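Worksheet: the structure to be examined is printed underneath.
These figures come from a predicted structure and were not determined experimentally. Just so you know, residue 1 is the first one in the sequence shown, and it goes up from there.
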Amino acid sequence: MVTVLVFALLWARMDSGASDTVAVMPFMDDPGTYWMYLLSQAFGWSALLWAWGTVMLGLLLSGPRPARLPVSRQVLERWHRTTSLTTMALMFAHALMFAAELVRYETKVDWAERLWVAFADTLVPGWYDSGTGRIAIPIGQGALYLAIPLGLLFYVRHRIGANTWRRLHRFVIVVYVLSVWHTLLYGTNVWYGEWPRTVLWLLQLPVALLLLLRLLRPARRAERLGPPGGGAARPGWWVRAAGRAAAAAVLVGLVVVAVSGRDGGRDRPAHPPATAPHAQETD
């Protein structure tokens with residue numbers, strides 16, 4: 001339902017000419033023709049919303065818990081697993097519909113070549129060679145390729161060991177960071193330095209705050225940062241301390257971005273470009 005609502009909003013904005021996607025690519029002013037691209041965007045935004053939710057739930061479970069919660073820990077864990085699986089499915093659907101749009105677009109070659117081009121541009125790192133996508137698409141691919149194994153490791157944790165699973169599961173935050181980075185670089189709906197981009201930045205404040213709290217006061221006593229020990233334990237202590245300092249710096253940086261309004265958005269051009277996403281392949 002979230003995806004359907006986002007898709008309907010994107011369709012209405014494109015149909016009315018108010019879409020930032022149309023401002024970036026004016027040729028894409030017909031939602032009936034570019035509905036697969038709109039659906040890819042809808043799946044992407046829905047995936048990011050679900051990723052935000054599952055990361056927040058994970059940080060609540062692994063960090064200092066509020067004194068009173070409306071639901072039990074078991075319910076939170078079930079929600080966390082469900083939102084994690086949903087996020088992975090939506091990320092895959094986002095990539096699939098992007099590939100489908102490329103298949104529709106590549107009309108100058110036969111079907112086999114069109115399918116290969118769409119597959120390579122979507123799923124092979126470094127293959128897509130147009131504009132910002134040369135950086136943004138590999139970042140998104142990295143998020144997808146990390147999300148699947150890290151999310152599914154939960155179901156084999158008894159085989160690999162709980163401690164190994166916990167160590168690996170911490171890297172889920174990297175998946176989320178890559179997803180947000182991909183969106184900021186390539187999401188045409190937040191391309192310009194206007195309120196949608198500001199809202200996306202603001203949504204990262206509670207994530208950064210919960211991450212910092214989770215590092216400062218982890219739920220597991222073994223992960224708490226005591227006084228620095230001697231010998232072999234000292235490097236590990238400094239690594240954990242550096243992680244807490246980095247999380248605090250990220251939080252401060254997000255506050256500065258929100259207050260200053262300097263969020264990396266582009267200026268809206270007086271005469272938008274009229275170029276296609278990339279040159280079509282030929283034999």
Side-chain angles (χ1 to χ4, degrees), residues 47-48 50-67 69 71-95 123 125 138-182 204 206-251:
L48 190 61
W50 283 96
W52 184 89
T54 198
V55 167
M56 293 287 286
L57 289 169
L59 291 172
L60 278 174
L61 286 165
S62 60
R65 301 186 187 98
L69 286 172
V71 295
S72 66
R73 176 182 173 82
Q74 290 71 25
V75 172
L76 286 179
E77 289 178 343
R78 186 169 67 250
W79 287 355
H80 181 50
R81 291 195 300 271
T82 302
T83 51
S84 175
L85 292 172
T86 304
T87 299
M88 286 187 284
L90 290 168
M91 291 172 73
F92 181 76
H94 170 58
L123 297 174
I139 291 172
Q141 291 164 341
L144 175 64
Y145 295 150
L146 279 175
I148 294 174
L150 290 177
L152 296 181
L153 278 176
F154 172 82
Y155 299 97
V156 295
R157 67 192 186 282
H158 299 300
R159 291 182 177 272
I160 64 175
N163 288 334
T164 300
W165 170 74
R166 275 192 291 266
R167 292 190 186 99
L168 292 173
H169 193 68
R170 294 169 185 166
F171 290 96
V172 168
I173 194 67
V174 176
V175 175
Y176 181 72
V177 170
L178 290 174
S179 300
V180 175
W181 191 7
H182 168 74
Q204 309 322 311
V207 175
L209 178 59
L210 281 183
L211 175 61
L212 180 60
L213 291 175
R214 183 256 182 269
L215 292 174
L216 292 175
R217 295 169 53 199
R220 299 184 71 248
R221 188 179 297 274
E223 297 178 3
R224 295 175 185 174
L225 189 67
R234 184 168 296 172
W237 187 93
W238 284 108
V239 168
R240 287 183 291 160
R244 286 153 173 79
V250 168
L251 182 60

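- For the side chain to side chain contact (heavy atoms under 4.5 Å, CB included) test with Trp165, the passing option among Leu150, Val156, Ile160 is Ile160; the others fail.
- The two residues Thr87 and Ala51 have their closest heavy-atom pair at OG1-N, 3.4 Å.
- What you find for Ala248 and Leu212 is that their closest heavy atoms are N-CD1, 3.8 Å.
- Counting heavy atoms of neighbouring residues, nucleotides and ligands inside a 6.0 Å radius, atom CZ of Phe171 does not exceed 12 of them.
- Note that CG of Leu153 and OG1 of Thr164 are 10.0 Å apart. Values are rounded to the nearest 0.5 Å.
- Shortest non-hydrogen contact noted between Ser179 and Met91 is OG-CE, 4.3 Å.
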Take Val180 and Trp52 through the test side chain to side chain contact (heavy atoms under 4.5 Å, CB included) and record every step on the way to the result. CA-CA 9 Å; Val180 175; Trp52 184 89; over 6 Å; no

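- In the displayed structure, Phe92 atom CZ is contacted under 6.0 Å by at most 12 heavy atoms of other residues, nucleotides or ligands.
- Of the possible polar contacts, one joining the Arg157 side chain to the Phe154 backbone as a donor-acceptor pair under 3.5 Å is found.
- For Arg73, the salt bridge (charged side-chain N to carboxylate O under 4.0 Å, His left out) test picks out Glu77, with sequence neighbours left out.
- The heavy-atom pair separating Met88 from Ala147 by the smallest distance is SD-O, 3.4 Å.
- Arg244 places a side-chain N or O within donor-acceptor distance of the main-chain N or O of Leu215, the cut-off being under 3.5 Å.
- Not a single donor-acceptor pair under 3.5 Å links the side chain of Tyr176 to the backbone N or O of Leu48.
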Show your working on side chain to side chain contact (heavy atoms under 4.5 Å, CB included) between Tyr155 and Leu85 and close with a plain yes or no. CA-CA 11 Å; Tyr155 299 97; Leu85 292 172; 3.2 Å; yes

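- What you find for Leu178 and Ile139 is that their closest heavy atoms are O-CG2, 3.3 Å.
- Take Thr54 and apply the side chain to side chain donor-acceptor pair (under 3.5 Å) test, not counting sequence neighbours, and it matches His80, Thr83.
- Take His182 and apply the side chain to side chain donor-acceptor pair (under 3.5 Å) test, not counting sequence neighbours, and it matches no residue.
- To the nearest 0.5 Å, the span separating OG on Ser62 from NE2 on His169 amounts to 8.0 Å.
- Residues Leu59 and Leu211 share a closest heavy-atom pair of CD1-N, 3.7 Å.
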